Amino acid sequence: MQLARVIGNVVSTIKHNSHNNYKLMLIQPLDIDLEKKGKPIIAIDTLQSGEGDLVLLLSEGNGARQILGSNDAPIRALIVGIVDSVDRYAGV
């Protein structure tokens with residue numbers, strides 16, 4: 001799991017059945033200092049996150065499919081938490 005920032009919505013009128021009833025969000029993965037890490041990706045939102053939210057991202061397909069209860073879903077990334085704050089220990 002990693003931290004990410006929601007940077008936009010993805011609108012799709014036709015999508016896989018396993019994506020029905022879920023929002024698709026464009027998210028930017030972040031490092032521990034909350035700086036951009038890599039390219040933005042699309043994730044399924046299960047928590048009603050919004051643009052600007054700091055979220056917890058599960059980016060492992062099998063775990064995402066298990067959470068959604070779909071063995072054949074084409075899912076790679078799933079928003080599984082909205083983060084209120086991040087505290088770091090000194091020296092980490």
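Model, not experiment: these values are computed from the prediction. Residues: numbered from 1 along the sequence shown.
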Task: Backbone N/O of Gly52 and side chain of Arg5: donor-acceptor pair under 3.5 Å - done: yes
- [ ] Report the distance from atom CG of Leu54 to atom CG of Leu56, rounding to the nearest 0.5 Å.
- [x] 9.0 Å
Task: Flag side-chain contact, heavy atom, 4.5 Å: Val6 against Leu26 - done: no
- [ ] Assess whether side chain to side chain contact (heavy atoms under 4.5 Å, CB included) is satisfied between Val55 and Leu3, documenting all intermediate values.
- [x] CA-CA 6 Å; Val55 296; Leu3 294 171; over 6 Å; no
Open item on the list: If I take atom CG from residue Leu57 and atom CD1 from residue Ile27, how far apart are they, to the nearest 0.5 angstrom?
Closed with: 4.0 Å
Task: Same apolar cluster (I L V M F W Y, side chains within < 4.5 Å links), Val83/Met25 - done: no
When the side chains of residues 37-45 are checked against the rest of the protein, which donor-acceptor pairs come out under 3.5 Å, sequence neighbours left out?
from: Asp45; atom 1: OD1; to: Leu47; atom 2: N; distance (Å): 2.9
from: Asp45; atom 1: OD1; to: Gln48; atom 2: N; distance (Å): 3.3
from: Asp45; atom 1: OD1; to: Ser49; atom 2: N; distance (Å): 3.4
from: Asp45; atom 1: OD1; to: Ser49; atom 2: OG; distance (Å): 3.4
from: Asp45; atom 1: OD2; to: Gln48; atom 2: N; distance (Å): 3.3
from: Asp45; atom 1: OD2; to: Ser49; atom 2: N; distance (Å): 2.8
from: Asp45; atom 1: OD2; to: Ser49; atom 2: OG; distance (Å): 3.2

Open item on the list: Once rounded to the nearest 0.5 Å, what's the spacing between atom NZ of Lys23 and atom CD1 of Ile79?
Closed with: 8.0 Å
Open item on the list: Between Asp33 (side chain only) and Glu35 (backbone N and O only), is there a donor and an acceptor less than 3.5 Å apart?
Closed with: no
Task: Straight-line distance of Asn9 CG to Glu51 CD, nearest 0.5 Å - done: 7.0 Å
TODO: To the nearest 0.5 angstrom, please state how far the CD1 atom of Ile82 sits from the CG atom of Asp53.
DONE: 5.0 Å
